[in-house]
**Student:** 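Just passing along the structure, written as structure tokens.
In what follows, chains carry the letters A, B, and so on, assigned in the order in which the sequence lines appear, proteins first and then strands, with residues in each chain numbered from 1. All of these numbers come straight from a predicted model, not from anything done at the bench.
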2 protein chains.
Amino acid sequence: MRLSRFFLPILRETPKEAEIVSHRLMLRAGMIRQESAGIYAWLPLGLKVLNKVNAIVREEQNRSGAVELLMPTIQSADLWRESGRYDAYGKEMLRIQDRHEREMLFGPTNEEMITEIFRGYVRSYKDLPLNLYHIQWKFRDEVRPRFGVMRSREFLMKDAYSFDIDQAGARHSYNRMFVAYLRTFARMGLKAIPMKADTGPIGGDLSHEFIILASTGESEVFCHKDYLDFDIPAVETDFDSVPGLQGIVDKWTSLYAATSEMHDATAFDGLSEDKKVSARGIEVGHIFYFGTKYSKPMGAKVMGPDGQEHEVHMGSYGIGPSRLIAAIIEASHDENGIIWPEAVAPFDVALLNLKVGDAATDEACGKLYRELTAAGRDVLYDDRDERPGGKFATADLIGIPWQVVIGPKGLAEGKVELKHRATGEREVLPLGDVVARLTAARA
Amino acid sequence: MRLSRFFLPILRETPKEAEIVSHRLMLRAGMIRQESAGIYAWLPLGLKVLNKVNAIVREEQNRSGAVELLMPTIQSADLWRESGRYDAYGKEMLRIQDRHEREMLFGPTNEEMITEIFRGYVRSYKDLPLNLYHIQWKFRDEVRPRFGVMRSREFLMKDAYSFDIDQAGARHSYNRMFVAYLRTFARMGLKAIPMKADTGPIGGDLSHEFIILASTGESEVFCHKDYLDFDIPAVETDFDSVPGLQGIVDKWTSLYAATSEMHDATAFDGLSEDKKVSARGIEVGHIFYFGTKYSKPMGAKVMGPDGQEHEVHMGSYGIGPSRLIAAIIEASHDENGIIWPEAVAPFDVALLNLKVGDAATDEACGKLYRELTAAGRDVLYDDRDERPGGKFATADLIGIPWQVVIGPKGLAEGKVELKHRATGEREVLPLGDVVARLTAARA
């Protein structure tokens, strides 16, 4: 993409309303714009990151066996009356009357609707297990939205819902999501640690939050240091293997890890000092097993192998891609701007033409732009007639992993500069080596 | 995808509520489910088609120079008061009060919001032309939603908005979209004819509807027969060439074409009899140039090369991907079900195992499934333990372009059957030839 044809409205000044670094950087880098309190437009750079995050979430959901559909944003109040949550949900639910004065709402989550879809079609245990997910905009009318997309009112959520004939089956479905989440966050360059979570009125011990450590995190968390070095389950993981997945989950729940709500100071104190991690954390995912909480009142049953009807056992599994992007920035930035992990970077390479209008520089940049693009790299070519200082600052601010800097002086010797955003390392190399260098960097 | 792991809730009976064929077939094929009046969930098969349609729309928007962003669904009423449309819009607008009793709405379109974004950042003619688009869910509270996703309340729309310094620039932006639309619909296997449309209170002559001909179409249309054989602009079309694009648009507007509202019987009667086409049509896209209608009241101005401020000239350009899918089905089906054009088919190939449990058949199917998938074909493998008749009916109903039928009898001679859904042609060929045959079919 040529920057002259893109829409990248960089802000020079730090917006006063932004309290946390991710919010400040997303506004400054032209990723988002607030349209109402807690409601944001995703500008082109932000949308590119959102799509990258969604693609990883989707790949790992699919790999684990979940099937994607797409439920609407507007739901009927009657559906929520069936589960008893319409009155219980309170003011966070955005309630709406349509022109016929029917009570509707903007979905804050989809347990009721997915249960309605399930009971509309599925009759037999033979059609289980089933895990259906969607990635759709939700609305929660926070009384005081803040921190940009970290706590917004309209937000994107991937929510998956599993259906099983019994608790043992549901346990395996839960484990599939547990492992899928480990892989999802690791692929985005995050160290996410599953922590036992409060299940609230639902009960049971099957609920985990996935927490990443970031000094600017919203809450205090406590965990065993060894988690930070655990291997992530491989791409070849067999999601159909019950003992295989249980082994992974057992390992990842064997050591101490808790958010402040679930913290057990005595247990934590039992760890040796060099293994204690007490830090700030950001929740990036949450998984629940809740049994027949919705299937019972809503009548979602299947015929079992025993010829009897069984209420299905369900779980739900959430990741907020819009929020996750803020979390990634909280975990990965410096004083100059964002530092994107390569897997979610909006572009792979920023190509900076230091002297637009100089024939040799334009030609070298144009050629390299075409070659890198042909090699499958997503390049943002800064072809604007602007001073080098502004180009350097923009490239650092928007955090593209690699910067290629081309100016007439270096070019006279056939040289260009390559800068790695994360480490700040620079190297001067022959123009002809750049494509091979940046293709190797990916592998 | 193995069908045993997919979620494809086929209906055996034709739903009574569906009045038109696309609605019936989408319900029967397990593509959509109604959740409230005019509000649908997109089940996995439907979502796959929606994603294919979106991908083509997006590619052609990008090729024409438009830049994608994503605006939120919920908008502030104040924004619409600036343009004067808040009161004018009437009951089709879904109006909402949030917990603080602020007036909000679920966006039916985004002219106001995009103008607000534009004026927030763009100051100079040097940043023009600019065309920003998004693909987002909209809501129009139809008094009587019907025809499934053809006229629903919550629907997906691609809406693009162009900004230019003057009318000449805006004309070129309009032409870019005109040509992009011709390519978009043609790639989906549709013959879409641009017809002069009523611009309503806006005036001017720059508005076209893109209409496809289908015997079940919603309205009567009239056009010159030669349009049906016009060449579609090539992929190499230079979207920066002002005379080049104008030449294409002139050609595509040179002959008679009108919807019933704009029909001029006298002009139409002047055509020779063998060139008169009078048929039913479905609107699949609509483009408008409306000058300074929004930029003037909302103060969207840029500094021109003359040092003066100019209100920008705008246009908007819509395609409804959800509606488009119903239109494609109206134009392409038979008594057995849907016939997907290859470019938007949910899968490329349906692989039917006629005897699940037979070792040789299972092995041959499994191997072919892996090979076709490795060759880049998207395969739905019917590995369910069901009778052949049910598998044939399902494959025809969901309209996958190619069916590969494998049973023990043919396999004993090393043969399988290949059926082309659109023509009904069948051929028997060696198992080992299938991959080459289906890869060639694509090229």
**Student:** Report which part of A:L94 has an atom under 4.5 Å of a heavy atom belonging to chain B: side chain, backbone, both, or neither.
**Tutor:** side chain
**Student:** For chain A, find which of B:Q97, B:K91, B:M1 contributes the most heavy-atom pairs closer than 4.5 angstrom.
**Tutor:** B:K91
**Student:** Measuring heavy-atom distances to chain B, does A:L130 have an atom under 4.5 Å in its side chain, in its backbone, in both, or in neither?
**Tutor:** side chain
**Student:** Kindly compute the distance separating CD1 (A:I96) from CG (B:D98), expressed to the nearest 0.5 Å.
**Tutor:** 11.0 Å
**Student:** Count the heavy atoms belonging to other residues, nucleotides or ligands that lie under 6.0 Å from CZ of B:R5, then report whether that count exceeds 12.
**Tutor:** no
**Student:** What residue, out of B:A37, B:P44, B:G46, has the most heavy-atom pairs lying under 4.5 Å from chain A?
**Tutor:** B:P44
**Student:** For B:T73 and A:E154, does a side-chain donor sit closer than 3.5 Å to a side-chain acceptor?
**Tutor:** yes
**Student:** Hey, what do you get for CZ (B:R144) to NE2 (A:H100), rounding to the nearest 0.5 Å?
**Tutor:** 10.5 Å
**Student:** Nearest 0.5 angstrom please: A:F106 CZ to B:M104 CE, how far?
**Tutor:** 10.5 Å
**Student:** Would you mind telling me which of B:M71, B:Q75, B:E116 has the largest number of heavy-atom pairs within less than 4.5 Å of chain A?
**Tutor:** B:E116
**Student:** Look at A:V67, A:L50, A:I32, A:I74 and state which one has the largest set of heavy-atom pairs under 4.5 Å with chain B.
**Tutor:** A:I74
**Student:** For chain A, find which of B:K126, B:H134, B:R102, B:M93 contributes the most heavy-atom pairs closer than 4.5 angstrom.
**Tutor:** B:R102
**Student:** With side chains defined as the heavy atoms from C-beta onward, is the minimum distance between B:E35 and A:M113 less than 4.5 Å?
**Tutor:** yes
**Student:** Heavy-atom distance under 4.5 Å to chain B: side chain of A:L132, backbone, both or neither?
**Tutor:** side chain
**Student:** Once rounded to the nearest 0.5 Å, what's the spacing between atom CG of A:L69 and atom CZ of B:F7?
**Tutor:** 7.5 Å
**Student:** Between CD of B:Q136 and CH2 of A:W137, what distance do you get to the nearest 0.5 Å?
**Tutor:** 7.0 Å
**Student:** Could you tell me if the side chain of B:R33 sits less than 4.5 Å from the side chain of A:Y121, heavy atoms only?
**Tutor:** yes
**Student:** Answer yes or no: is there a side-chain heavy-atom contact under 4.5 Å between A:L43 and B:I117?
**Tutor:** yes
**Student:** Identify which part of A:Y40 has an atom lying under 4.5 Å from any heavy atom of chain B, answering side chain, backbone, both or neither.
**Tutor:** backbone
**Student:** By a 4.5 Å heavy-atom criterion (distance strictly below it), what part of A:R384 contacts chain B: side chain, backbone, both, or neither?
**Tutor:** neither
**Student:** Which atoms of A:L11 are under 4.5 Å from chain B, going by heavy atoms: the side chain, the backbone, both sets, or neither?
**Tutor:** side chain
**Student:** Between A:V143 and chain B, which part of the residue has a heavy atom less than 4.5 Å away: side chain, backbone, both or neither?
**Tutor:** both
**Student:** Is B:E92 salt-bridged to A:R99, going by a charged N under 4.0 Å from an acidic O?
**Tutor:** no
**Student:** Is it the side chain or the backbone of B:Q34 that comes within 4.5 Å of chain A heavy atoms, both, or neither?
**Tutor:** neither
**Student:** Using a cut-off of under 4.5 Å on heavy-atom pairs, state which of B:R153, B:K48, B:R95 scores highest against chain A.
**Tutor:** B:R153
**Student:** Distance from B:I39 atom CD1 to A:S76 atom OG, nearest 0.5 Å?
**Tutor:** 8.5 Å
**Student:** So which of B:G120, B:P72, B:P129 has the largest heavy-atom pair count under 4.5 angstrom toward chain A?
**Tutor:** B:P72
